[in-house]
Amino acid sequence: MKGSMFSRIENGNIITHKRKELGKTQKALSEETGVHKSIISLIENGKFTGSLRVYERYINGLGLELSVSPIRNRIPDFDDLQDFFKDD
C-alpha cells in the first residue's frame, strides 16, 4: 500500500508539472476535460482513488497516458531478512 501511495504522489507531481508547463489552470482543464476541479486537485495531490476512466480523461487532456511498470521497491520477506543476518 505504501508503494502505491508514493506512486500516486509522484504521478501527481508529474501531472502538475505538465499542466503548468502547458500554461493551463485547473479550471481551464476542468472545462476542457469535463473533470471537476476538485477531482483534478485530488489527482495532482496524489489523493485520488476514484475511477480510472476519470483519471485517464484528465491526463489524456494533458497529452499524457497511463502506463504500468514493475514495482521498483518491495518490502523484503522473512527469508530475505534471514539471509541478511546470516553468519558467514
Side-chain angles (χ1 to χ4, degrees):
M1 186 74 146
K2 194 174 190 178
S4 64
M5 180 56 141
F6 175 76
S7 182
R8 283 196 306 262
I9 292 169
E10 186 177 295
N11 288 341
N13 290 335
I14 293 167
I15 291 165
T16 302
H17 177 77
K18 180 65 173 180
R19 177 180 57 77
K20 290 179 178 182
E21 183 180 278
L22 295 172
K24 298 198 175 196
T25 64
Q26 288 181 348
K27 182 180 179 192
L29 276 162
S30 175
E31 292 168 0
E32 289 176 24
T33 62
V35 177
H36 195 275
K37 187 177 171 292
S38 64
I39 300 297
I40 290 173
S41 178
L42 289 172
I43 291 171
E44 291 187 359
N45 286 298
K47 296 180 179 177
F48 180 72
T49 59
S51 163
L52 186 57
R53 182 176 293 160
V54 170
Y55 189 86
E56 285 184 308
R57 189 171 6 139
Y58 180 59
I59 66 170
N60 291 165
L62 293 168
L64 300 171
E65 66 182 0
L66 187 63
S67 65
V68 177
S69 61
I71 296 173
R72 290 179 287 216
N73 298 317
R74 70 172 184 82
I75 298 172
D77 60 25
F78 185 73
D79 291 333
D80 292 336
L81 292 175
Q82 280 185 322
D83 289 342
F84 183 73
F85 291 106
K86 188 186 256 184
D87 290 333
D88 290 329

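Along the sequence shown, residues are numbered consecutively beginning with 1.
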Locate the shortest heavy-atom distance separating [X] from [Y]; write the atom from each residue and the value.
X: N11; Y: Y55; answer: CB-OH, 3.6 Å
X: G34; Y: R57; answer: O-NH1, 3.3 Å
X: L29; Y: G61; answer: CD2-O, 4.1 Å

*Between CD on residue E32 and NZ on residue K27, distance to nearest 0.5 Å*: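 So the CD of E32 and the NZ of K27 are separated by 12.5 Å.
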*State the CD-OG1 distance between Q26 and T33, to the nearest 0.5 angstrom.*
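With rounding to 0.5 Å, CD (Q26) is 10.5 Å from OG1 (T33).
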_Check for me, please, whether L66 and L42 land in the same ILVMFWY cluster - side-chain distances under 4.5 Å, paths through other members count._
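Yes; L42 is reachable from L66 via cluster members.
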Please name all residues satisfying side-chain contact (heavy atoms from CB on, under 4.5 Å) with [X], sequence neighbours left out, ordered by chain then number.
X: L22; answer: K18, K24, L62
X: H36; answer: S38, I39
X: S51; answer: R53, V54

*Member of I43, I40, I15 meeting the side chain to side chain contact (heavy atoms under 4.5 Å, CB included) criterion with F48*: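 Answer after filtering I43, I40, I15: I43.
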_So, applying salt bridge (Lys or Arg N to Asp or Glu O under 4.0 Å) with E44, which one of R19, R8, K20 is it?_
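The passing option is R19.
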*Side-chain donor or acceptor of T16 paired with backbone N/O of G12 under 3.5 Å*: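 Yes.
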*Might you confirm whether atom CD of E65 has over 12 heavy atoms from other residues, nucleotides or ligands at distances under 6.0 Å?*
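Not buried by this count: 12 neighbours or fewer within 6.0 Å.
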